Protein chains: 2
Amino acid sequence: MTPASENTGLAQLRSACSRCSLARLCLPMGLSESQTCRLDNLVEPSAPLHADDHLFRIDDPFTTIYAVRSGCFKSYVVDGEGREQVLGFHLPGELMGLDAIYTHRHRRNAVALDTGTVCKLPYADLTRLATEMPQLQQQIMRLLSKDISTLENMVADHTADERLAGFLLGLSSRYHHRGFSATRFRLAMPRRDIANYLRLAPETVSRILARFQADGLIAVERRDMELLDTERLRQTAGEAHHLSAPVFD
Amino acid sequence: MTPASENTGLAQLRSACSRCSLARLCLPMGLSESQTCRLDNLVEPSAPLHADDHLFRIDDPFTTIYAVRSGCFKSYVVDGEGREQVLGFHLPGELMGLDAIYTHRHRRNAVALDTGTVCKLPYADLTRLATEMPQLQQQIMRLLSKDISTLENMVADHTADERLAGFLLGLSSRYHHRGFSATRFRLAMPRRDIANYLRLAPETVSRILARFQADGLIAVERRDMELLDTERLRQTAGEAHHLSAPVFD
DNA sequence: CGCTATTTTGAGCCGCGTCAATACGGGTGG
DNA sequence: CCACCCGTATTGACGCGGCTCAAAATAGCG
């Protein structure tokens, strides 16, 4: 192998947002090709992670923002009584760690739900680049602002039916934007995590999924989900259109 | 009056973050004196607003970030069935409108609860200045990130007791940071708004306040609130330390 | 094939919302 | 100064959505 091809190989391995199929969903969204190349130099790809591998834990010093490259991740906190509280599921192209900017320490734990990889973005380098690149600054602020909008959606007091319907529609939309089917997908997370995320009991999730199925809204078999009647599902969700963080629309 | 003194007068009127007692809580936090002066040139003070005056409404084009200078403001959305949903109360030094960055349109309504004033910050100018002033960029991102943390606090499924105790402690902390008493303050908002913000029924708020009073935690008379036992109040709040957006600690 | 984690199903109960009535307070006009 | 009125707040009775506890069914895995 020649040094030249070695370099090319290394550059590809080093990340190449410019060639990443997720670029239009991720941090490079809206950046020009040359701007994306400058971003490439910051990004460091991770070794493959496996289920239960943690990316960071609460109170870890905040140095890095993580972008999901493949797989599905979960972020959560643990309260004083040891109860887990799921705060989000993160699909490829989505960022994790943004809420740590304020405290300089992570405010959540982040863990892989299955095998996956991430891109690491050193925050100091990222902000330095952002001062030189107004579009990147804009993009970071837009992503922060979007997280706020999504959380605002979460705080509304929806019924269990609305929450679950909204969650399924949100997942559907996110998978669709990534080139997967909007109506058939595999749930990366157990019922327990879905229930916890939606602030419901696992039993409630099971019961409602069963009823949705009886009503012909969905066909569900363990982790395999099919949306049969998205229109009625949307009516059921009501205001909770996209109960699934972060939202892409 | 000489032109010089006219200019000085105008500059003071034009805002003077440099002289504002709220500077250490607001956007200028962490900026040097000369940096704050550059911010001064952007800021435009508002005419006094009265109760029920709106700053902006949902779907208004987003051009401006608002900083509360005096008074108390409420932000809320209205859902499809016409029900109001309170998303936050905003005290002096706090910013409103940050969640509109993503969509370029406002996602909430903002209204004065009593007589008050705000500072208007044109967003385009602000981001332009931020590219030249890394500390300002940092500060905006920190404030965005803090809003995320606060909302994360809100989404946890606390009991009604925890929510209300957390809300009172949050208000207490915010008043304290502004130089007011941490134990005696006047509620700027009616019970209905408190209940709505905490996702409770107004009747529930009344009942719990009555019980808190019977238990010696507080003394409350209409809008006048006194915290008698903050320690037990904190125990009651549990994880909901600061159920009041945005948080300052 | 047995072991364990996950999911489903059933029974009972409790926190909080809903509905309704009452009390309070601040403003207005006589 | 008092009578009246209306919005806000309180208090009580009752019902329901979703949680808890318990047990059975199913799937993944060594």
Side-chain angles (χ1 to χ4, degrees), chain A residues 50-52 74 79 81 83-86 111 113-115 155-168 186-215 218-225 236-238 240 243, chain B residues 50-52 74 79 81-86 113-114 155-168 186-215 218-225 236 238 240 243:
Chain A
H50 305 99
D52 292 326
K74 170 179 87 170
D79 70 16
E81 284 84 46
R83 288 172 309 208
E84 186 175 311
Q85 183 79 257
V86 177
V111 63
L113 285 171
D114 49 17
T115 304
V155 301
D157 59 341
H158 301 295
T159 64
D161 281 26
E162 288 169 346
R163 280 168 195 270
L164 202 42
F167 176 72
L168 294 177
R186 182 151 231 280
L187 300 169
M189 67 295 288
R191 296 283 187 277
R192 198 181 119 266
D193 284 344
I194 297 176
N196 190 314
Y197 174 67
L198 298 175
R199 282 67 184 144
L200 299 171
E203 296 92 329
T204 305
V205 171
S206 263
R207 276 186 258 267
I208 292 175
L209 286 180
R211 183 157 42 76
F212 281 180
Q213 176 146 4
D215 293 350
I218 61 172
V220 58
E221 166 100 30
R222 296 273 160 174
R223 303 286 184 94
D224 293 309
M225 176 65 63
T236 306
L243 213 42
Chain B
H50 305 99
D52 292 327
K74 169 180 88 170
D79 70 16
E81 284 85 45
R83 288 172 309 208
E84 185 175 312
Q85 183 80 257
V86 177
L113 285 172
D114 48 17
V155 301
D157 60 342
H158 300 295
T159 64
D161 281 26
E162 289 169 346
R163 280 169 195 270
L164 202 42
F167 176 72
L168 295 177
R186 182 152 230 282
L187 299 170
M189 65 297 285
R191 297 280 189 277
R192 178 174 39 84
D193 284 344
I194 298 175
N196 190 314
Y197 174 66
L198 298 175
R199 281 69 185 145
L200 299 171
E203 296 91 329
T204 306
V205 171
S206 264
R207 275 185 259 267
I208 292 174
L209 285 181
R211 184 156 41 76
F212 280 0
Q213 177 146 10
D215 292 350
I218 62 171
V220 58
E221 167 100 30
R222 297 272 161 174
R223 302 286 184 95
D224 292 308
M225 177 65 61
T236 307
L243 213 42

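Just so we're on the same page: letters track the sequence lines, and every chain starts at 1. Keep in mind the model is a prediction, meaning the values are calculated, not measured.
Atom CE of B:Met189 and atom C1' of D:dG7 are 18 Å apart (whole Å). The CZ atom of A:Arg163 sits 15 Å away from the P atom of D:dG17 (whole-angstrom rounding). Regarding B:Ile194, its CD1 atom lies at a distance of 9 Å from the P atom of D:dT10, rounded to whole Å. Rounded to a whole Å, the CG atom of A:Leu198 is 12 Å from the P atom of D:dG18. Look at CG on A:Leu164: it is 13 Å from P on C:dT7, rounded to the nearest Å. A:Asp224 places its CG atom 17 Å from the P atom of D:dT26, with the value rounded to the nearest Å. For the pair A:Asp114 CG and C:dT6 C1', the computed distance is 17 Å after rounding to whole Å. Protein atom CZ of A:Arg191 is 12 Å distant from nucleotide atom P of D:dG28, rounded to whole Å.
For residues 188-213 of chain B, the pairs satisfying salt bridge (charged side-chain N to carboxylate O under 4.0 Å, His left out) are B:Lys74-B:Asp193, B:Asp161-B:Arg211, with sequence neighbours left out.
Considering every non-hydrogen atom in both A:Gly166 and A:Ala237, the closest pair reads N-CB, 3.7 Å. Closest heavy-atom contact between A:Leu113 and A:Ala188: CB-O, 4.0 Å. Of all the heavy atoms in A:Phe167 and A:Ile194, the pair that sits closest is CE2-CG2, 3.8 Å. The two atoms that bring B:Leu164 and B:Phe212 nearest to each other are CB-CE2, 4.3 Å, heavy atoms only. For the pair B:Val220 and B:Met225, the tightest heavy-atom approach, listed with the atom from each and the gap, is CG2-CE, 3.6 Å.
Rounded to the nearest 0.5 Å, atoms CG (B:Leu209) and CD (B:Glu221) are 12.5 Å apart. In this structure, the separation between CD on A:Glu162 and CG on A:Leu198 is 12.0 Å, given to the nearest 0.5 Å. Taking CG from B:Leu187 and CG from B:Leu168, the interatomic distance works out to 7.5 Å, rounded to the nearest 0.5 Å.
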Contact string for nucleotides 16-22 of chain C, one letter per nucleotide 5' to 3', B = base within protein heavy-atom range under 4.0 Å, S = sugar-phosphate only, - = neither, reads SSBBB--
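Every residue two or more places apart in sequence or in another chain that forms a salt bridge (charged side-chain N to carboxylate O under 4.0 Å, His left out) with B:Asp79 is listed here: B:Arg83. Under the side-chain contact (heavy atoms from CB on, under 4.5 Å) criterion, B:Arg186 pairs with B:Arg223, B:Asp224, not counting sequence neighbours.
At its two ends the helix from C:dC1-D:dG30 to C:dG30-D:dC1 runs along axes set 40° apart, each axis drawn from five pairs and the angle rounded to 10°.
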Between N or O atoms, less than 3.5 Å apart, protein on one side and nucleotides 24-26 of chain C on the other: list the pairs.
none

